[in-house]
S.K.: 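Okay, here's the structure, questions in a sec.
Order of appearance sets the numbers: ligands from 1, and atoms from 1 within every ligand.
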Amino acid sequence: MDLPIMEKEKVHVENISFTYENHLLEAGVLRLDKIHEEISGNKFFKLLRHFDLIQAGCVRKIASFGGAYSNHIAALAAACNALGLESVGIIRGDASAPMSHTLKQAKRYGMVLEFVSRQEYQNKAQLTSAFELKGYYVIPEGGFGLLGASGVQMMYDWIDDSYTDLVCAVGTGTTMAGLVKGAKPHQRVWGVSVLKGYESLTTEMESMLTLDELGRTYTIAHDYHFGGYAKYSKTMLDFMNQVYTQCQLPTDFVYTAKMLFATWDMHRKGLFDEQAKILLVHTGGLQGNKSLAEHALLF
Ligand SMILES: *Cc1c(COP(=O)(O)O)cnc(C)c1O
């Protein structure tokens, strides 16, 4: 099904060309950051197949998991709001702590937030069954899983076969798995992990692939996390500002800036074929930049 809140007509591919430290990178950028004013990127795609099932099963109550900064929770709240469904966010943390921008947004979309301790949150299987018994359709944390990856394949509606290399930022690996699933034989998928030392990532990502899909060409880069999730350096902010100045392309410090920096660096190191035609998947996340100091970025 279509989620009416996805402003698909705003999504497009644009070409960028920028030079950083005397090395030129030219690539196409799939602007999924344009999909919605407040909630940008890949999160709605990961929900598409779940909403097929929700609709087919006539379920009215949806629940999922997330931390205080979960873009997945915000996207789910917005989608449920648009479809007139009840939603519950099971949030790791303390109800009395000041609420993050993301959670406030989810609440504005009518999501009921239920805070659970870190310990309770660990036991997601138990929380899932408890909600299922109450008649909820429960979506895994971060939209992780095969259904999520299957929705991501819809991104190929915008991706020309002439691209040889597709690059995305990786959290749970669901978006990357979806790109691998939809890739043509001549296309290679690159994932840039934003987490430090997430050693089981390859296994988790591959758990969403069929035997046939496991034979495709894909690579996960683990060395561009800049210290870990949501960590950044002055170099990275400088890089983001340079990209913006040269191409008017905004990036976020948690995901897409790391993806773009990694692509530039791997290109500089000659890891792409000389004839490669690269497509960068801009998965959005720009609202995350609000947590940076006010003048850190030029955009
Ligand atoms: C969630 C997110 C990702 C990671 O997606 P996964 O499917 O979990 O790997 C990448 N980029 C942005 C902007 C995100 O919000």
S.K.: What is the ring orientation for Phe239 with Tyr20, classed by angle as parallel under 30°, tilted 30 to 60°, or perpendicular over 60°?
M.R.: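 Ring orientation, 0 to 90° scale: perpendicular.
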
S.K.: Distance under 6.0 Å and angle within 45° of the ring axis: does Lys124 meet both against Phe144?
M.R.: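 Because its charged atom misses either the 6.0 Å distance or the 45° angle limit, Lys124 does not stack over Phe144.
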
S.K.: With side-chain contact (heavy atoms from CB on, under 4.5 Å) as the criterion, how do Lys46 and His72 come out once you've worked through the C-alpha distance, each side chain's angles and the decisive distance to 0.1 Å?
M.R.: CA-CA 9 Å; Lys46 295 203 273 185; His72 160 70; 5.9 Å; no

S.K.: Are Val281 and Met154 grouped together when hydrophobic residues (ILVMFWY) are joined by side-chain heavy atoms under 4.5 angstrom apart?
M.R.: yes

S.K.: For the pair His50 and Tyr137, name the ring-plane relationship: parallel under 30°, tilted 30 to 60°, perpendicular over 60°.
M.R.: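 Ring orientation, 0 to 90° scale: perpendicular.
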
S.K.: Which protein residues have a heavy atom under 4.0 Å from ligand 1?
M.R.: Asn42, Lys43, Lys46, Asn71, Ala169, Val170, Gly171, Thr172, Gly173, Thr174, Thr175, Tyr255, Thr283, Gly284, Gly285

S.K.: Thr210 side chain to Glu213 main-chain N or O, any donor-acceptor pair under 3.5 Å?
M.R.: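 Yes.
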
